[in-house]
S.K.: 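Before I ask anything, let me first share the structure, which is written out below as structure tokens.
Remember, it's a predicted structure, so these values are computed and weren't measured experimentally. Every chain is numbered from 1 and lettered A, B, ... according to where its sequence line falls, protein lines coming before strand lines.
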There are 2 protein chains.
Amino acid sequence: MDSTAGRRPTVKDVARIAGVSQGTVSNALSGMRGVDPETRQRIDQAIATLGYIPNLAARRMRTGRTNTIAVMTSMPAAVSAGSSRLGFLMEIAASAAIHALDYNSALVLVPPVADPAVALRHVAMDGAIVIEPQTDDAFLLLLKRRGVPVVVIGQPASVDLPWVDMHYYRTAEMLLAHLLTQGARRIALIVGTSSRVSHHVTLERYESWMLLEGIPPCVIYVPEADGEDGSYRATLDLLRSNPDIDGIFASIDAFASGVMRALRDMGRAVPSDVRVVTRYNGLRAREERPALTAVDLHLDQIAALATRLLMDLIAGREIERITAGPIPSLVVRGSS
Amino acid sequence: MDSTAGRRPTVKDVARIAGVSQGTVSNALSGMRGVDPETRQRIDQAIATLGYIPNLAARRMRTGRTNTIAVMTSMPAAVSAGSSRLGFLMEIAASAAIHALDYNSALVLVPPVADPAVALRHVAMDGAIVIEPQTDDAFLLLLKRRGVPVVVIGQPASVDLPWVDMHYYRTAEMLLAHLLTQGARRIALIVGTSSRVSHHVTLERYESWMLLEGIPPCVIYVPEADGEDGSYRATLDLLRSNPDIDGIFASIDAFASGVMRALRDMGRAVPSDVRVVTRYNGLRAREERPALTAVDLHLDQIAALATRLLMDLIAGREIERITAGPIPSLVVRGSS
DNA sequence: CTGAAAGCGCTTACAG
DNA sequence: CTGAAAGCGCTTACAG
């Protein structure tokens, strides 16, 4: 009696029940071609009767569109995972997922794992949002090879890709100005060793400003992968060789955690002996005691912007190469 | 010369270059059938030469598998979004994404929006992880209709689905015991109005214990959608009608924020006048001043467990209906 | 406005 | 171990 028994109904079934052809059902569904109102009604009824749900895989194969975008970052797990896992990546992913819906798209979360190729092997996408890529970023390379449209959040180093500007320069400026205003005179900067534009810009602004103030610059490089512990050790060394340091700018929040631990172990009071600031206003910044002065980057707005740009790009529309994100705002807390 | 110019290479191209049939290429790729080592080598070389990448949509259509799982929750945005957006959902999603890789699967993040049907319209999945569903949960209903395998984190109310137990009873017990130990005598409970097992269990434990202690129970119901503001107003009312309240158990962290604001506005000191505890150890709990005593639910482990169970379910293996999650641990902070 | 047919790129019985 | 062929469920020219 029921010829659809045991399997999911298809357009074919809908067509048969509605007394039309497959093509007409498809047209009614997509709205690409006009369909007679009465015919459409018969089709809608057949769909309801059968509980028809389109097979997305078939549709994707036919159209070549996946209605999926992906979000990813190459920041190592030590930084992007752990207790700050809910950082950059997740904050952006949450916002992008919501905005992707406006474009009938789903969001795939590509986790930061050792091998980007593994992470991407089973994800098909129309486009990708890549967060703070490094020079020769593995994700960027893979995506380029696949010809996937990309929008970068942050700034790409070498590849010529559209990006949403997060105002690195301004962010560094805000934090440095704050430290100086608070009376810090001997300010150290802790940055990651990976080649990321954010580091270069931060470094540049730091050095030029220190030069201007007549303060000898003091830059500590820590591999991102060493995370909090690496920063902890580096800070101990720093304070031994430069006991007069009274301000520390940790470019990554995981580093800031290490800094705070080192200061505690060395018996330095925060903020009276040493003022500490960091860039990302995440869990770590809020949870420290005293809580850390940081910058609200307005990641939800940045993600919304990036999603919209990516959708334009996928649709073949022209987009600007650089789009300014919202202006970051300083969040002053006890650490400074 | 190059017959693949302008389009992505397919198995057909690989087969031609390697001098074998499509089927053999497919077998070499999937490892489902044995392939002569020498033949395999020719195929691998052809793949490398062409830069062949399998078309996932075609594979999915053919096999019926999407190699995708989804994570979702029906908690309204007022609770799951905003400054606690990085809560439950994201913490679980991050962990699930990493563990899904072990099963060659990608993770789709289904955002908590008003219309679950819209959110699911364009996502194909082999299975889903549903977080703390309510009675007649819209996501659960949609998934059931589609026949999608589901693992619940928390506990399903009506539907008979496998779940990972988060120890609601024990969690309520830990928080109540802590409040009593700290000297609270008049303890109020603030729960959501939605029908979720977590509320029922918490309520039950609270009422039975208050009865035992001879403390008159005082339960405030706030619609989840009203979030922090709803809880704020409810707490003001509560303190006016029950000025002797000296302990508050907020079942949702957004509610706890409202509680804290109300206490400040009423001039009640925390913890000396009123002790406050909440369940979820998220951003809100950490950021409050004083920070809130909460419970670490070990969501990453729970997500890992749920992912593994879901994969077993998808593979057709038998799984237990109830799987115990890790034992939650109390995180004592300044609020109590 | 509608239908018949081709074809997207895979995998999998089936046959050898 | 390998090949030839069917077919997954759609959408889209093409023809009427």
Side-chain angles (χ1 to χ4, degrees), chain A residues 3-4 6-44 46-47 50-68 104 121-124 126 146-147, chain B residues 3-4 6-44 46-47 50-68 104 121-124 126 146-147:
Chain A
S3 62
T4 72
R7 57 177 182 78
R8 247 175 79 172
T10 71
V11 267
K12 216 168 186 166
D13 301 314
V14 175
R16 191 165 27 75
I17 305 263
V20 294
S21 74
Q22 283 191 59
T24 302
V25 173
S26 178
N27 290 329
L29 245 45
S30 67
M32 286 305 283
R33 281 197 322 199
V35 173
D36 187 273
E38 200 209 320
T39 309
R40 173 183 298 274
Q41 200 179 328
R42 285 215 311 284
I43 291 172
D44 287 345
I47 287 173
L50 292 171
Y52 169 72
I53 297 166
N55 180 319
L56 295 179
R59 182 178 284 175
R60 285 167 189 187
M61 153 130 103
R62 180 62 232 236
T63 62
R65 284 280 315 259
T66 63
N67 288 308
T68 299
N104 293 328
R121 180 135 55 212
H122 294 275
V123 0
D126 298 328
R146 282 208 209 171
Chain B
S3 63
T4 71
R7 56 176 183 78
R8 248 175 78 172
T10 71
V11 266
K12 217 170 187 166
D13 300 314
V14 175
R16 191 165 30 75
I17 304 265
V20 295
S21 74
Q22 283 191 59
T24 302
V25 173
S26 178
N27 291 329
L29 246 44
S30 67
M32 287 305 284
R33 282 198 320 200
V35 173
D36 186 273
E38 200 209 319
T39 308
R40 173 183 298 274
Q41 199 179 330
R42 285 214 312 284
I43 292 172
D44 286 345
I47 288 174
L50 292 170
Y52 168 73
I53 297 165
N55 180 319
L56 295 178
R59 182 179 284 175
R60 284 167 190 187
M61 154 131 101
R62 179 61 230 236
T63 62
R65 284 280 313 260
T66 64
N67 287 307
T68 299
N104 292 330
R121 182 136 54 210
H122 295 275
V123 359
D126 298 328
R146 283 209 210 170

S.K.: In whole Å, what is the span from the NZ atom of A:K12 to the P atom of C:dA4?
M.R.: 12 Å

S.K.: Where each residue is assigned the nucleotide of DNA chain D containing its nearest heavy atom, which of B:M61 and B:G19 is assigned the position nearer the 5′ end?
M.R.: B:G19

S.K.: Please report the C-alpha distance between A:I43 and A:T24 in whole Å, then the side-chain angles of each, then the deciding distance to 0.1 Å, and finally whether the side chain to side chain contact (heavy atoms under 4.5 Å, CB included) criterion is met.
M.R.: CA-CA 9 Å; A:I43 291 172; A:T24 302; 3.9 Å; yes

S.K.: Identify the heavy atoms of A:D126 and A:G64 that sit nearest to each other, and give their distance.
M.R.: OD1-O, 4.3 Å

S.K.: Please give, in whole Å, the distance from C:dG9 P to A:N55 CG?
M.R.: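 Computing the A:N55:CG to C:dG9:P distance gives 17 Å.
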
S.K.: Distances for protein N/O vs nucleotides 12-16 of chain C N/O pairs under 3.5 angstrom?
M.R.:
from, atom 1, to, atom 2, distance (Å)
C:dT12, O4', B:R62, NH2, 3.2
C:dC14, N4, B:R33, NH1, 2.9

S.K.: Round to a whole Å and report the spacing from CZ of A:R16 to P of D:dC10.
M.R.: 13 Å

S.K.: Closest heavy-atom contact between A:I53 and A:R8?
M.R.: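 Result for this residue pair: O-NH2, 3.0 Å.
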
S.K.: As a quick check of understanding, evaluate side chain to side chain contact (heavy atoms under 4.5 Å, CB included) for B:L50 and B:V14, giving each step before the final call.
M.R.: CA-CA 7 Å; B:L50 292 170; B:V14 175; 3.9 Å; yes

S.K.: What's the shortest heavy-atom distance between B:L29 and B:Y52, and which atoms?
M.R.: CD2-CE2, 3.7 Å

S.K.: For residues A:D13 and A:R16, report the shortest heavy-atom separation together with the two atoms involved.
M.R.: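 In terms of heavy atoms, the two residues are closest at OD1-NH2, 2.9 Å.
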
S.K.: Whole-Å distance between D:dC10 C1' and A:Y52 OH?
M.R.: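 Between C1' of D:dC10 and OH of A:Y52: 7 Å.
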
S.K.: Report the distance from atom CZ of B:R121 to atom CG of A:N67, rounding to the nearest 0.5 Å.
M.R.: 11.5 Å

S.K.: What is the separation between atom CG on A:L56 and atom P on D:dC10, rounded to the nearest whole Å?
M.R.: 9 Å

S.K.: For B:R59 and C:dC8, what is the distance between atoms CZ and P respectively, to the nearest whole Å?
M.R.: 18 Å

S.K.: Testing the basics here: between B:A124 and B:T66, what is the closest heavy-atom pair and its distance to 0.1 Å?
M.R.: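 What the structure gives for the nearest pair is CB-CG2, 3.8 Å.
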
S.K.: Nearest whole angstrom, please: distance from the C1' of C:dG9 to the CG of B:L50.
M.R.: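 Taking CG of B:L50 and C1' of C:dG9, I get 15 Å after rounding.
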
S.K.: Ignoring backbone atoms, test whether B:T10 places a side-chain nitrogen or oxygen under 4.0 Å from the OP1 or OP2 oxygen of C:dC8.
M.R.: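 Answer no for this pair, as no side-chain N or O of B:T10 is under 4.0 Å from OP1 or OP2.
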
S.K.: Out of the candidates A:M61, A:R59, A:R60, only one should pair with B:M61 under the side chain to side chain contact (heavy atoms under 4.5 Å, CB included) rule; please name it.
M.R.: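 Single pass found, and it is A:M61.
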
S.K.: Without decimals, in angstroms, what is the distance between A:R60 CZ and C:dG9 C1'?
M.R.: 16 Å

S.K.: Give the dot-bracket line for DNA chain D from 5' end to 3' end: parentheses for intra-strand Watson-Crick or G-U pairs under 3.5 Å, square brackets for crossings, | for inter-strand pairing, dots for unpaired.
M.R.: |||.||||||||.|||

